[in-house]
**Student:** 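My structure is below; once you've seen it, I'll send some questions.
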Amino acid sequence: MSRKSNKYAGYQPPDPTGIDAYLGLMRPLDISDNITRFAMLCSALSGVAVVLWNLVQGESFYDMLLKGVGAGLECLFSFVIAKELDPDRTYGGIIGGILTAITSFFLGQGNILVMFWLLFLLRMLTRTSGDRHRVGDNIIIIGTALWLGINGYWLYLMATGAAYALESQLSDGYSRSLYLAGLSLAGAAAVAKYIPIIAEHDLSLIYLGIICIAFILFLPEIRLSLETKFKGYKDGRRINARRLQAAQGAFILIMFSMSFFQGDSQALALMPATMAAIGCGAYLFICVLQKKTA
């Protein structure tokens, strides 16, 4: 006899690949949404513009292609991270993506690997996918943080451990997150013993100013996140507002601590996410002016 389905489990989209058993945080882009399609178009145009610019500058084909793909991806990551920080107002991601393209031209490109790590970390806390983190997600989060640590940025391992510990204490927290927190912190200690941290204590005024603007604009998001109506992709249920608040608070701490302790290099690496925060805050401010906060 087959097992009866749980009628209280909520909506479960079909998964013919079976990947959901290993990756609980996966949430595909909704290409039927006009805003998402526009964001993808802007990302593609940004990449093409960078390729053409480097072609004029006489760059090699490899460097030209690498910079073009990087520019397109960081704009797209800015949009996706903005949707995690404020899932109810997606236009903030469009603003963030445009700002990312502008800052990329003047300051340089961010780190796509850092954006990948941050995206999964935020989804673990918010559970916008409608599921908890699973084996594949943990491999991605800890593995990416470990790679960054081996390259001298082992503060990412410490931030990963803190995020896992925080997740275990939130509503419906996964008890084994504490073991994963210990694993991340042990990795940080092991890496720190053999690899010196890359620390650039000088944080330029331009980066400090951008971070302060992001903080001022984004702070009201934490208050309004209690009114979220966003539903998880897999279960169709309203996400937990406290989890969203925790993710937003963790994001602010990561943005400040990485930039403060490791200087301009990590401020630039996190720039697409910082622009996402500015975009979310700016659009929320526009909504407040128009009395459309929901």
Side-chain angles (χ1 to χ4, degrees), residues 23 25-57 59-123 126 128-129 140-141 144 148 207 210-211 213-214 217-218 221 230 233 247 251 254-255 266-284 286:
L23 290 171
L25 304 181
M26 296 299 290
R27 181 162 66 87
L29 289 173
D30 183 11
I31 58 175
S32 64
D33 178 55
N34 290 331
I35 301 175
T36 302
R37 287 204 296 262
F38 182 71
M40 296 175 69
L41 176 62
C42 289
S43 299
L45 291 176
S46 176
V48 171
V50 170
V51 168
L52 294 177
W53 172 257
N54 284 277
L55 179 63
V56 173
Q57 298 297 315
E59 294 275 355
S60 66
F61 176 79
Y62 176 78
D63 291 338
M64 176 180 64
L65 185 62
L66 191 64
K67 290 179 180 179
V69 172
L73 283 177
E74 69 174 6
C75 289
L76 187 60
F77 267 110
S78 182
F79 172 76
V80 175
I81 287 174
K83 291 189 68 174
E84 297 300 319
L85 294 174
D86 186 355
D88 297 280
R89 285 166 283 271
T90 53
Y91 281 105
I94 299 294
I95 299 174
I98 294 173
L99 292 175
T100 297
I102 295 172
T103 54
S104 175
F105 180 79
F106 289 101
L107 300 176
Q109 293 184 3
N111 191 321
I112 300 301
L113 192 61
V114 171
M115 293 300 100
F116 191 65
W117 167 82
L118 182 60
L119 175 62
F120 271 78
L121 202 72
L122 291 175
R123 284 187 176 179
T126 60
T128 53
S129 67
I140 290 173
I141 294 172
T144 304
L148 291 169
Y207 289 111
I210 292 173
I211 292 171
I213 291 172
L217 287 176
F218 185 73
E221 290 275 1
F230 188 81
Y233 167 72
F251 166 76
I254 290 171
M255 181 177 63
Q266 293 314 293
L268 179 59
L270 287 162
M271 194 53 61
T274 304
M275 292 298 107
I278 292 177
C280 290
Y283 183 67
L284 178 60
I286 294 172

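Scope of the values below: all heavy atoms of this structure, side chains included, with no hydrogens, waters or symmetry mates.
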**Student:** Please check: side-chain N/O of Glu74 versus main-chain N/O of Gly110, any donor-acceptor pairing under 3.5 Å?
**Tutor:** yes
**Student:** Give, for atom CG of Leu217 and atom CG of Leu284, the distance between the pair rounded to the nearest 0.5 Å.
**Tutor:** 9.5 Å
**Student:** What are the two closest heavy atoms between Asn54 and Val50, and how far apart are they?
**Tutor:** ND2-O, 2.7 Å
**Student:** Locate the shortest heavy-atom distance separating Tyr233 from Met26; write the atom from each residue and the value.
**Tutor:** CD2-O, 4.4 Å
**Student:** Which atom names give the shortest non-hydrogen contact between Asp86 and Cys280, and what distance separates them?
**Tutor:** CB-SG, 3.9 Å
**Student:** Step by step, work out the side-chain contact (heavy atoms from CB on, under 4.5 Å) result for Lys83 and Thr36.
**Tutor:** CA-CA 10 Å; Lys83 291 189 68 174; Thr36 302; 4.0 Å; yes
**Student:** What distance separates Met255 CE from Met271 CE, expressed to the nearest 0.5 Å?
**Tutor:** 9.5 Å
**Student:** Let's go through Val80 and Arg123 carefully: what are the C-alpha distance in whole Å and the side-chain angles of both, what is the deciding distance for side-chain contact (heavy atoms from CB on, under 4.5 Å) to 0.1 Å, and is it a yes or a no?
**Tutor:** CA-CA 11 Å; Val80 175; Arg123 284 187 176 179; 3.9 Å; yes
**Student:** Determine whether a donor-acceptor pair (N or O, by modelled atom type, separation under 3.5 Å) exists between the side chain of Gln109 and the backbone of Lys67.
**Tutor:** yes
**Student:** With a 4.5 Å limit on heavy-atom distance, are the side chains of Phe251 and Leu121 in contact?
**Tutor:** no
**Student:** Tell me which one of Ile35, Leu45, Leu76 satisfies side chain to side chain contact (heavy atoms under 4.5 Å, CB included) with Met40.
**Tutor:** Leu76
**Student:** Does the side chain of Phe218 come within less than 4.5 Å of Ile278's, by heavy atoms?
**Tutor:** no
**Student:** Would you mind reporting whether Glu221 and Leu85 have side-chain heavy atoms less than 4.5 Å apart?
**Tutor:** no
**Student:** More than 12 heavy atoms of other residues, nucleotides or ligands under 6.0 Å from CZ of Phe230: is that the case?
**Tutor:** yes
**Student:** Are the side chains of Glu84 and Leu118 in touch, meaning some heavy atoms are under 4.5 Å apart?
**Tutor:** no
**Student:** Measuring only between side-chain heavy atoms, which start at C-beta, is Ile210 closer than 4.5 Å to Met275?
**Tutor:** yes
**Student:** Which pairs, with at least one residue in residues 90-100 and sequence neighbours excluded, count as a side-chain hydrogen bond (donor to acceptor under 3.5 Å, both in side chains)?
**Tutor:** Ser78-Thr100
**Student:** Provide the closest heavy-atom pair for Trp117 versus Ile141 in the form atom of the first, atom of the second, distance.
**Tutor:** CD1-O, 3.5 Å
**Student:** If you define the side chain from C-beta out and look only at heavy atoms, does anything of Ile94 sit under 4.5 Å from Phe79?
**Tutor:** yes
**Student:** Any non-hydrogen side-chain atom of Leu122 less than 4.5 Å from a side-chain atom of Ile81?
**Tutor:** yes
**Student:** So which atom in Ser46 and which in Ala71 form the shortest heavy-atom distance, rounded to 0.1 Å?
**Tutor:** OG-O, 3.9 Å
**Student:** Decide if atom CD1 of Ile31 counts as having more than 12 heavy atoms of other residues, nucleotides or ligands within a radius under 6.0 Å.
**Tutor:** no
**Student:** How far does CG of Asp63 sit from CD of Gln57, to the nearest 0.5 angstrom?
**Tutor:** 13.0 Å
**Student:** Kindly indicate, with the supporting measurements, whether the criterion side-chain contact (heavy atoms from CB on, under 4.5 Å) is fulfilled by Ile140 and Leu23.
**Tutor:** CA-CA 10 Å; Ile140 290 173; Leu23 290 171; 3.9 Å; yes
**Student:** Among Leu119, Leu148, Leu268, exactly one meets side chain to side chain contact (heavy atoms under 4.5 Å, CB included) together with Val114. Which residue is that?
**Tutor:** Leu148
**Student:** If you compare all heavy atoms of Leu25 against all heavy atoms of Phe120, which two are closest, and at what distance to 0.1 Å?
**Tutor:** CD1-O, 3.5 Å
**Student:** Side chains of Met115 and Leu270, heavy atoms from C-beta outward: is any pair under 4.5 Å?
**Tutor:** yes
